Protein chains: 2
Amino acid sequence: MGDSLGIRKPTLEEVAAAAGVSKMTVSRALRGAPDVSPETRERVLKATEQLGYVGNQLALSLSSQRTNLVAVVVPSMSNIVFPEVLAGISVGLEGSGMQAVFGLSDYDARKERDVIRDMLSWRPSAIIVTGLDQPEDTVKMLRSAAIPVIQIMDLDGTPIDFNVGLSHGKAGEEMARALIAAGRRRFGYVGSVLERDLRAAKRKAGFERVLLEHRLAFIGQRIGDTLSSVCLGKYLTHELLRAEPNLDCIYYSNDDMAVGGAFAGMEASRTDDILMAGFNGLELAAALPVRIATSKSPRRMIGEVAARLARGSMVTGVPSSGKITAFVPEIIGIE
Amino acid sequence: MGDSLGIRKPTLEEVAAAAGVSKMTVSRALRGAPDVSPETRERVLKATEQLGYVGNQLALSLSSQRTNLVAVVVPSMSNIVFPEVLAGISVGLEGSGMQAVFGLSDYDARKERDVIRDMLSWRPSAIIVTGLDQPEDTVKMLRSAAIPVIQIMDLDGTPIDFNVGLSHGKAGEEMARALIAAGRRRFGYVGSVLERDLRAAKRKAGFERVLLEHRLAFIGQRIGDTLSSVCLGKYLTHELLRAEPNLDCIYYSNDDMAVGGAFAGMEASRTDDILMAGFNGLELAAALPVRIATSKSPRRMIGEVAARLARGSMVTGVPSSGKITAFVPEIIGIE
DNA sequence: CTGAAAGCGCTAACAC
DNA sequence: GTGTTAGCGCTTTCAG
């Protein structure tokens with residue numbers, strides 16, 4: 001359990017004693033303040049080294065009334081998309097001295113509120129949350145935190161402060177338009193628990209709006225009752241293909257599901273007459289032996305931009321511009 | 001930027017004033033201490049509500065000399081395996097009131113050390129790190145942190161305190177044995193930058209040990225110079241198949257690469273005479289239209305067990321037993 | 001360039 | 001049941 005279980009870690013004061021200066025001087029030297037003589041700094045650094053001193057952020061943050069923390073709340077880790085957003089945040093924060101603290105909401109509004117409250121109790125200097133559909137009380141809590149709130153992924157709604165993402169409604173619309181333009185007419189839908197994944201629901205709604213404009217509709221659909229996965233997509237697609245053998249296109253809640261659909265299509269030898277369309281532009285989708293259509297969502301970039309906004313917040317209070325950063329996903333894999 | 005930008009958040013003291021009691025009483029009431037009269041508690045809760053009070057963990061932790069933080073350091077988020085470990089940790093921590101703080105090492109020992117130092121400055125009550133191969137100075141830092149150090153994923157080495165994982169050397173050996181038992185003889189290898197992914201390197205070494213026992217060796221191999229991905233696996237497999245057309249089995253650094261290999265095999269119509277073998281047992285691998293071999297690593301479970309150890313540490317100092325939790329991956333997809 | 005005093009918001013340990 | 005006192009380890013502010 002370490003060399004020194006139960007032995008308090010050295011404090012500034014002890015380093016100061018060892019270096020023969022006051023703790024203020026040590027504090028300054030360690031933070032690289034300009035007004036410390038080189039020799040003093042030298043002695044302080046040596047003492048720090050010898051004692052294995054590690055600063056105490058709790059004391060630092062409490063005393064200085066600011067933290068280097070960015071709270072991040074995402075719904076899940078089971079879909080590679082959110083880890084990629086986190087990776088983007090991590091990159092965007094690099095070199096800023098800021099730390100990301102993550103929490104999972106599990107696509108559950110109550111849980112999200114509790115997680116957010118927990119995170120706020122660490123007094124982060126910014127908070128990044130997923131989506132724009134937080135319930136009233138959560139929004140109130142976020143507002144009164146008096147820190148920048150950065151809502152990511154989704155653009156369809158009213159942001160609290162900053163908003164970085166794309167319109168999922170439009171993404172669904174555009175995909176439908178592109179598929180119809182490419183001659184597809186007999187559409188099916190495969191998704192998973194839509195009331196949990198609000199953004200997938202918005203894409204579906206957008207898709208359906210355009211279908212309606214063209215006097216079309218989903219001929220058949222299958223909605224799973226677990227979270228999206230390749231396996232679920234494959235299973236539901238097999239089912240749907242059995243029920244509706246003459247579809248020429250299936251829209252999926254996301255790429256994981258669509259990849260499963262592509263596998264089902266391969267197994268059913270339907271790769272030539274039916275096109276699977278997903279959302280995200282996963283690396284995996286591009287490597288597939290069959291083509292699928294998808295919208296490339298800039299999830300790493302969303303993370304990076306969000307992180308940049310969070311960094312800014314540590315310096316100034318409010319960047320005056322760029323409250324909303326909108327991305328337009330590129331559609332690939334059609335034609 | 002919130003309703004009250006720049007306005008200090010309410011403190012215990014203010015809640016106390018509003019409720020007409022001392023801050024100690026508020027503190028006790030909020031923490032659910034037994035010795036507070038129901039009416040007082042009621043008034044305190046009301047005041048808390050009205051003021052929108054959110055506790056300050058910085059002050060709490062500094063004052064009480066303990067945090068509810070578990071530091072977690074993983075190499076990457078780009079491979080679904082680590083997010084899944086994090087999800088497992090998240091589940092394992094649920095209901096304990098503990099928070100996970102994540103950091104990324106990017107498969108870089110220097111960066112890992114810096115990240116660990118940063119995390120330690122928050123005085124977490126336990127730290128979970130990936131692997132057993134930290135350099136000397138990092139180990140020293142971890143030891144002197146005087147908190148439980150939980151090393152996960154890997155078992156091949158000497159743990160600092162707790163160790164939860166599997167032997168990657170043995171995993172490689174077992175896979176080689178199983179493949180040879182199934183009649184495979186002409187092996188190839190496809191991997192990516194092994195000096196970064198130490199565990200993949202251990203699996204490969206184990207695999208080669210068994211090959212040698214059987215007077216066999218890799219006939220051909222391809223090592224990519226980027227991180228593992230489906231795309232890279234596919235590309236390298238195409239290359240390898242061109243160079244060595246009569247392989248009957250390819251071992252991959254992991255399932256992502258192996259899935260790419262499977263795609264390449266499908267494209268080259270080599271699905272019947274060659275078997276791809278990976279590692280992890282990704283959900284994706286099971287859904288594939290062709291069979292691949294893999295070892296199922298219990299990554300969620302590793303996260304959960306690690307989290308449980310971390311929880312224990314908050315209560316007692318040292319759980320006396322179970323310092324090492326060893327998992328044996330199940331091999332699937334052969335025969 | 002360096003130091004001393006005060007205090008960040010909370011809890012531990014004791015009084016009452 | 002409730003209040004008081006004394007810190008936790010650091011920074012801020014003001015003196016020298």
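What you see is a predicted model; the values in this text were computed from it and never measured. The sequence lines fix the lettering, A, B, ..., with proteins before strands; numbering per chain opens at 1.
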By nearest-heavy-atom nucleotide on DNA chain D, the more 5' of A:Met24 and B:Gln65 is B:Gln65
More than 12 non-hydrogen atoms from neighbouring residues, nucleotides or ligands closer than 6.0 Å to CD on B:Gln65, yes or no? yes
Under 3.5 Å, sequence neighbours excluded: what are the donor-acceptor pairs made by side chains of residues 29-44 of chain B?
from    : atom 1 : to      : atom 2 : distance (Å)
B:Arg31 : NE     : B:Ser27 : O      : 3.4
B:Arg31 : NE     : B:Ser27 : OG     : 3.4
B:Arg31 : NH2    : B:Ser27 : OG     : 2.9
B:Ser37 : OG     : B:Thr40 : N      : 3.2
B:Ser37 : OG     : B:Thr40 : OG1    : 2.6
B:Arg41 : NH2    : B:Ala33 : O      : 3.1
B:Arg43 : NH1    : B:Ala19 : O      : 2.9

What nucleic acid atoms does B:Arg31 come within less than 4.0 Å of, heavy atoms only: base, sugar-phosphate, or nothing? sugar-phosphate
Do the side chain of A:Arg196 and the main chain of A:Asp106 share a donor and acceptor less than 3.5 angstrom apart? yes
B:Lys9/B:Asn56 under side-chain contact (heavy atoms from CB on, under 4.5 Å): CA gap, chis, key distance, verdict: CA-CA 9 Å; B:Lys9 301 219 68 182; B:Asn56 186 331; over 6 Å; no
A:Thr130: side chain to side chain donor-acceptor pair (under 3.5 Å) partners, not counting sequence neighbours: none
So, are B:Glu94 and A:Lys111 salt-bridged, with charged N and O less than 4.0 Å apart? yes
Please classify the nucleic acid contact of A:Leu62 as base, sugar-phosphate, or nothing, using heavy-atom distances under 4.0 Å. base
Axis-to-axis angle across the helix from C:dC1-D:dG16 to C:dC16-D:dG1, five pairs each end, nearest 10 degrees, ~ 30°
Among pairs that include at least one residue of residues 80-103 of chain A, which meet ring pair (Phe, Tyr, Trp, His ring centres under 6.0 Å), considering only residues two or more places apart or in two chains? A:Phe102-B:Phe102
For A:Thr40, which contact category applies under a 4.0 Å heavy-atom criterion: base, sugar-phosphate, or nothing? sugar-phosphate
Using a heavy-atom cut-off of 4.0 Å to chain B, what are the terminal contacting nucleotides of DNA chain D, in 5' to 3' order? D:dG1 to D:dG9
Using a heavy-atom cut-off of under 4.0 Å over every strand shown, decide if B:Asn56 touches base, sugar-phosphate, or nothing. sugar-phosphate
Under 4.0 Å, heavy atoms only, any strand: does A:Arg66 hit a base, just the sugar-phosphate, or nothing? sugar-phosphate
Of B:Val36 and B:Ser64, whose closest DNA chain D nucleotide lies nearer the 5' terminus? B:Val36
Between A:Val21 and B:Leu60, who's closer to the 5' end of DNA chain C by nearest nucleotide? A:Val21
If you measure from the Lys or Arg side-chain nitrogens to the Asp or Glu carboxylate oxygens, is any gap between B:Arg300 and B:Glu84 under 4.0 Å? no
How would you give the extent of chain A contacts on DNA chain C, as first and last nucleotide 5' to 3' within a 4.0 Å heavy-atom cut-off? C:dC1 to C:dG9
Give the minimum heavy-atom separation between B:Ser90 and A:Leu104, together with the two atoms involved. OG-CD1, 3.5 Å
Between A:Ile89 and A:Val70, is a side-chain contact (heavy atoms from CB on, under 4.5 Å) present by the stated rule, with each step listed? CA-CA 10 Å; A:Ile89 291 175; A:Val70 181; 5.6 Å; no
Any donor-acceptor N or O pair under 3.5 Å, side chains B:Gln134, B:Gln151: yes
